[in-house]
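Remarks on the structure that follows.
Along the sequence shown, residues carry numbers from 1.
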Amino acid sequence: MAAPRPNDDELVPSQTEGYKVGQERSLAELSQLDKEDESLQRWKASLGLNADTAGTFGPKKVVPISLFLEAKTLNKPVSLDLTLGPEGLAKYKKEPVTIKEGAEFSVGIKFRVENQIVSGMKYLQVVKRAGMTVDKMEEMIGSYGPQQEAHVKIFAADEAPSGMIARGTYTVRSKIVDDDATVHLDLEWSFKIAKDW
């Protein structure tokens, strides 16, 4: 197991008092439970539990595809390709994304789930400037079953700061973690607040 990174305590998901993570079961086991309950079978199908996936084996896996920004005033897409290797991902820390000051924007994530159900995924984000934490975000992504198609989750809109003091470069650490404390993404990137996109 890798050594904890500095300030990992800022990226620990909140816990709901009294909530206990359920027993992990295979897709085959889950698909066979309560076969007579029609509404439960529809719900299972919405999670990807069906005859096609019941035989799927292997460790649960979330494959992050992209982290992106959405805004009405945005002229061209702003997207970080999360399928790059470690060297490719490192460039996102050195080459900041530009965000227009005062713009309302949303962060989104595109991902695929493979092999097993992943429950209670959360997106955690800490934004720093000159080493000081200026913003933290924790958003529920949800629970998903395996499927070939990618899932997209867009989080609540936020407004970029504005003014001369706000302009400059910020560092961000983004994490996706599930109920079992499995980390599916741990990415450092940066953005700069500027007069325009």
Side-chain angles (χ1 to χ4, degrees), residues 2 5-8 10-11 13 48 56 58-101 103-129 133-161 167-178 180-197:
R5 294 165 83 173
N7 301 318
D8 263 355
E10 289 187 300
L11 285 163
T56 306
K60 68 180 173 184
K61 186 175 180 185
V62 175
V63 180
I65 298 169
S66 65
L67 183 70
F68 59 90
L69 302 180
E70 272 195 355
K72 290 179 182 175
T73 59
L74 190 58
N75 297 328
K76 61 179 183 173
V78 174
S79 182
L80 308 180
D81 182 355
L82 302 178
T83 62
L84 303 174
E87 290 173 13
L89 293 174
K91 77 177 182 178
Y92 295 132
K93 191 172 180 185
K94 297 173 192 165
E95 301 170 10
V97 169
T98 301
I99 297 177
K100 180 181 180 179
E101 65 179 350
E104 188 173 288
F105 68 96
S106 297
V107 174
I109 185 91
K110 184 176 183 181
F111 62 94
R112 196 172 57 253
V113 176
E114 296 178 353
N115 302 330
Q116 297 290 336
I117 293 174
V118 178
S119 64
M121 283 194 302
K122 291 182 179 180
Y123 175 78
L124 309 168
Q125 177 176 286
V126 173
V127 179
K128 294 187 176 197
R129 184 169 187 196
T133 300
V134 295
D135 190 35
K136 287 173 80 171
M137 176 173 139
E138 179 175 338
E139 294 279 344
M140 178 58 77
I141 297 174
S143 301
Y144 296 86
Q147 68 178 39
Q148 288 298 316
E149 297 80 33
H151 301 281
V152 174
K153 181 74 174 182
I154 300 171
F155 306 116
D158 198 2
E159 187 175 318
R167 287 183 212 132
T169 302
Y170 297 75
T171 59
V172 185
R173 186 156 166 225
S174 297
K175 218 173 171 183
I176 296 176
V177 63
D178 67 21
D180 297 325
T182 302
V183 176
H184 300 285
L185 174 70
D186 192 346
L187 173 70
E188 290 184 74
W189 56 288
S190 63
F191 67 86
K192 63 181 177 182
I193 301 294
K195 288 186 176 182
D196 209 347
W197 291 101

* To do: Output all residues satisfying ring pair (Phe, Tyr, Trp, His ring centres under 6.0 Å) with Phe105, sequence neighbours left out; order by chain, then residue number.
  =>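 Not a single residue meets the ring pair (Phe, Tyr, Trp, His ring centres under 6.0 Å) criterion with Phe105.
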* Listed by chain and number, what are the side chain to side chain contact (heavy atoms under 4.5 Å, CB included) partners of Ala150, not counting sequence neighbours? ->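 So Ala150 forms a side chain to side chain contact (heavy atoms under 4.5 Å, CB included) with Ile65, Lys110.
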Taking only distance into account, with no hydrogens and no angle test, what donor-acceptor pairs under 3.5 Å do side-chain atoms of residues 189-197 form with protein atoms, sequence neighbours excluded?
unit_1 : atom_1 : unit_2 : atom_2 : d
Trp189 : NE1    : Ser174 : OG     : 2.9
Ser190 : OG     : Tyr92  : O      : 3.4
Ser190 : OG     : Lys93  : O      : 3.0
Trp197 : NE1    : Thr73  : O      : 3.4
Trp197 : NE1    : Thr73  : OG1    : 2.9

How long is the span from the [atom1] atom in [X] to the [atom2] atom in [Y], to the nearest 0.5 Å?
X      : Y      : atom1 : atom2 : value
Ser143 : Asp178 : OG    : CG    : 9.0 Å
Glu138 : Gln125 : CD    : CD    : 12.0 Å
Lys91  : Asp81  : NZ    : CG    : 7.5 Å
Lys128 : Lys136 : NZ    : NZ    : 9.0 Å

* Report the residues that fulfil salt bridge (Lys or Arg N to Asp or Glu O under 4.0 Å) with Arg112, sequence neighbours left out, ordered by chain and then residue number. =>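 By the salt bridge (Lys or Arg N to Asp or Glu O under 4.0 Å) rule, Arg112 matches Glu114.
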So which atom in [X] and which in [Y] form the shortest heavy-atom distance, rounded to 0.1 Å?
X      : Y      : result
Pro64  : Leu185 : CG-CB, 4.1 Å
Val113 : Gly145 : CB-O, 3.7 Å
Ala157 : Ser106 : CA-OG, 3.4 Å

Report yes if the side chains of [X] and [Y] come closer than 4.5 Å at any heavy-atom pair, otherwise no.
X      : Y      : answer
Glu139 : Met137 : yes
Arg173 : Asp186 : yes
Ile109 : Val152 : no
Tyr123 : Leu67  : yes
Phe111 : Met121 : yes

* **Residues that Asp158 engages under side-chain hydrogen bond (donor to acceptor under 3.5 Å, both in side chains), provided they are two or more places apart** =>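 Once residues adjacent in sequence are excluded, Asp158 has no partner under the side-chain hydrogen bond (donor to acceptor under 3.5 Å, both in side chains) criterion.
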* Residues two or more places apart in sequence or in another chain: which of them pass side-chain hydrogen bond (donor to acceptor under 3.5 Å, both in side chains) with Ser66? ->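 Partners of Ser66 by the side-chain hydrogen bond (donor to acceptor under 3.5 Å, both in side chains) criterion come out as none, since no residue qualifies.
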* Carefully, step by step, assess Leu69 and Val107 under the rule side-chain contact (heavy atoms from CB on, under 4.5 Å). => CA-CA 5 Å; Leu69 302 180; Val107 174; 3.8 Å; yes
* To do: Could you check Ile141, Val118, Leu82, Thr182 and say which one makes a side chain to side chain contact (heavy atoms under 4.5 Å, CB included) with Ile176?
  =>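 The residue from Ile141, Val118, Leu82, Thr182 that satisfies side chain to side chain contact (heavy atoms under 4.5 Å, CB included) with Ile176 turns out to be Ile141.
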